[in-house]
Amino acid sequence: MSLLITGGTGYIGSHTVVELLALDKDIVIVDNLSNSSTLVLDRIKEITGKTVTFIKADICDEQAMDQVFSEHNIDAVIHFAGLKAVGESSEIPLSYYHNNVSGSVTLLQVMAKHQVKNLVFSSSATVYGENNESPLVETMPTSATNPYGQTKLMIENILFDLAKSDASWSIACLRYFNPIGAHESGLIGENPNGIPNNLLPYVSQVAVGRLPQLQVFGDDYDTVDGTGVRDYIHVVDLAIGHVKAVEKLTEISGCKPINLGTGNGTSVLEIVNSFREISGQEIPYSVQPRRAGDIATVFANAEVANKLLGWHAQRDLNAMITDTWRWQSNNPNGFE
Ligand code: NAD
Ligand code: UFG
C-alpha cells in the first residue's frame with residue numbers, strides 16, 4: 001500500500017515525506033514542478049537514506065492521474081498541490097481557480113473511480129476570513145477575502161458535500177496557521193520564487209544579505225507592540241500533524257476541519273528581534289503603512305487536533321528561527 005503525496009516536492013510536502021519515510025511508508029509523489037525542483041528528492045534521500053517514486057504530472061491532467069492510480073496501489077492521498085501566493089491570486093484568479101479548484105475536483109474524481117476515499121487536505125487559516133476573533137475555533141463561520149482564500153474555501157465546501165453524499169469518505173481538512181522553519185539537517189526548507197511575500201523568508205533573505213531591508217506593514221495595530229501577531233508553527237510539527245492525520249483517517253467519518261497551530265501569537269517585531277539574536281545578523285527595517293487585507297491578530301485554538309489526532313506542536317519559536325537560519329545560511333540560493 002502506498003501514500004500518494006500531491007505537491008510532495010514543495011515546502012510542506014517535502015518535510016511531510018521525510019516524516020513518513022521515517023515510518024517506512026511507501027511514497028508516490030506527484031508534482032508538476034511549477035514551484036519546486038527535483039533537487040529536493042536528492043536531499044530527501046540524503047536525510048532518510050530512502051527513495052520515493054516521483055511522477056512529474058499535473059493534478060488537472062485526468063489521464064495522467066488515472067494512470068498513477070492504475071499503476072500504484074494507493075491507500076490514501078495527502079493533497080498539498082496548489083498555488084499559494086495571495087497577491088498573485090488577485091492578478092491571475094482564473095489560474096488559481098483552475099489549478100486549485102478544478103485540479104482538486106479532478107483528483108477527487110479519479111480517487112472515487114479507484115475507490116480511494118481517504119484524504120488529508122491542505123487548507124488554511126485564511127478560511128476564517130477577517131471577522132472572527134482569535135483564538136480561532138473550527139466551528140466559527142468561514143469566509144474569504146482574496147481568490148486564493150476562495151479556492152481553499154471552495155475546496156473545503158466541495159469536500160463537505162462529497163463526504164455528506166458518500167459516507168465511505170474519510171477526510172481531514174487541515175487548516176494551517178503560519179508554517180515556518182526547516183528540517184533540522186538544514187538540507188530542505190522554504191525556497192520561494194522571486195521576492196518573498198511572507199515574513200520569515202523575507203527576514204531570512206535580509207539576514208543573509210540578499211535583500212536590503214524589511215518593510216514592517218503597520219505598527220499601529222492593537223497588539224503588544226503595534227505590529228501584526230500570527231501563530232507561527234514549525235514545519236516539522238506541521239509535517240508530524242499530517243502523519244497523525246493519515247494514521248487516524250480510519251477513525252474519521254465525513255470531513256473534519258482541524259486547526260494546526262500552536263495556540264500562541266508572536267508579533268512581527270518579536271520575530272525580527274529573535275532572528276537578530278539567533279543569527280547574529282543585523283535586520284534593518286522600516287515601518288510602512290498596513291498591508292491591505294491584513295488583520296491585527298490571528299492564532300489558533302488547537303484543541304481539536306489534540307483530542308482527535310493526539311497532536312500538539314512541540315517546537316518553540318527559538319527552534320523555528322534557528323532552523324530557518326541554518327537552512328538559509330547553508331543554502332543562500334535555495335536548492336540551486
Ligand atoms: P509549495 O508551493 O512549496 O508546494 C506546492 C507544490 O505543489 C509545489 O511543489 C508545486 O510545484 C506543486 N503544484 C502546484 N500546482 C500543481 C498542480 N496543478 N499539479 C501538480 N503539482 C502542483 O507550497 P507549500 O507552502 O508547501 O504549501 C502546500 C499546500 O499548503 C498548498 O496547498 C498551500 O496552499 C497550503 N498552505 C500553505 C501555507 C503556507 O504558508 N506555506 C499556509 C496554509 C496553507
Ligand atoms: N509582514 C511584514 N512584512 C513583510 C511580510 C509580512 O510586516 O514583508 C507582516 C504581515 O503584515 C503580518 C505578518 O508579517 O502581520 C505575517 O505575514 P505573512 O505574509 O507571513 O503571513 P499571513 O498571516 O499574512 O498569511 C499567511 C499565508 C497565507 C495564509 C495565512 C493564514 O501566507 O497563505 O497565513 O494562514 F492564508
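Excluded from the calculations below are hydrogen atoms, water molecules and symmetry mates; all remaining heavy atoms, backbone and side chain alike, are included. One-based numbering, in listed order, for ligands and for the atoms of each. All of these numbers come straight from a predicted model, not from anything done at the bench.
- Looking at ligand 1, you won't find any N or O of Cys60 less than 3.5 Å from one of its N or O atoms.
- For atom 4 (C) of ligand 2, the closest non-hydrogen atom on the protein side is Phe217 CE1, 3.3 Å.
- Within the 4.0 Å heavy-atom criterion, neither part of Asn198 lies near ligand 1.
- Judged by the shortest distance from any of its heavy atoms, Tyr285 lies outside the 4.0 Å radius around the atoms of ligand 2.
- Nearest protein neighbour of atom 33 (C) of ligand 1, counting heavy atoms only, is Tyr148 OH, 3.7 Å.
- Closest to atom 19 (N) of ligand 1, if we only count protein heavy atoms, is Ile59 N, 3.1 Å.
- Interface atoms of ligand 1 facing Ala57, defined by a heavy-atom separation under 4.0 Å, are 19 (N), 20 (C).
- An N or O contact shorter than 3.5 Å links Asp294 to ligand 2 by distance.
- Taking any N or O of Asp58, backbone or side chain, at least one lies under 3.5 Å from an N or O belonging to ligand 1.
- Residue Ile12 has at least one N or O atom closer than 3.5 Å to an N or O atom of ligand 1.
- When the heavy atoms of Asn198, Leu214, Val203, Asn146 are ranked by distance to atom 18 (P) of ligand 2, first place goes to Asn198.
- In this structure, the side chains of Gln314 and Ile240 stay at 4.5 Å or more apart for every pair of heavy atoms.
- Inclusion of Asn178 in the set of residues having an N or O under 3.5 Å from an N or O of ligand 2 is warranted.
- At least one N or O atom of Asn32 sits closer than 3.5 Å to an N or O atom of ligand 1.
- Here the heavy atom of the protein found nearest to atom 3 (O) of ligand 1 is Tyr11 N, 2.8 Å.
- In terms of polar-atom proximity, Leu199 is counted as a contact of ligand 2, with an N or O under 3.5 Å from an N or O of the ligand.
- The closest protein non-hydrogen atom to atom 24 (P) of ligand 1 is Lys84 NZ, 3.7 Å.
- Set against the non-hydrogen atoms of Tyr176, the atoms of ligand 2 under 4.0 Å away are 35 (O).
- Remark: ligand 2 atoms within the under-4.0 Å shell around heavy atoms of Ser124 are 29 (C), 31 (C), 35 (O), 36 (F).
- Using 4.0 Å as the threshold, Tyr221 has no heavy atom nearer than that to any atom of ligand 2.
- Judged purely by distance below 3.5 Å, without hydrogens or angles, the side chains of Asn198 and Arg230 never pair a donor atom with an acceptor atom.
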Stepwise, does the side chain to side chain contact (heavy atoms under 4.5 Å, CB included) test hold for Met65 with Gln63?
CA-CA 5 Å; Met65 295 310 294; Gln63 240 182 328; over 6 Å; no
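- Counting protein heavy atoms only, atom 4 (O) of ligand 1 is closest to Gly10 CA, 3.4 Å.
- Lys152 counts as a contact of ligand 1, since one of its heavy atoms falls under 4.0 Å from the ligand.
- Counting the atoms of ligand 1 from 1 in the order shown, those under 4.0 Å from a heavy atom of Ser123 are 43 (C), 44 (C).
- Closest to atom 30 (O) of ligand 1 among all protein heavy atoms lies Tyr176 CE1, 3.3 Å.
- Contact check on Glu190 versus Lys84 returns a salt bridge, with a Lys/Arg side-chain nitrogen under 4.0 Å from an Asp/Glu carboxylate oxygen.
- Every N/O-N/O distance between Glu190 and ligand 1 stays at or above 3.5 Å.
- Between Asp31 and ligand 1, an N or O atom pair is found at a separation short of 3.5 Å.
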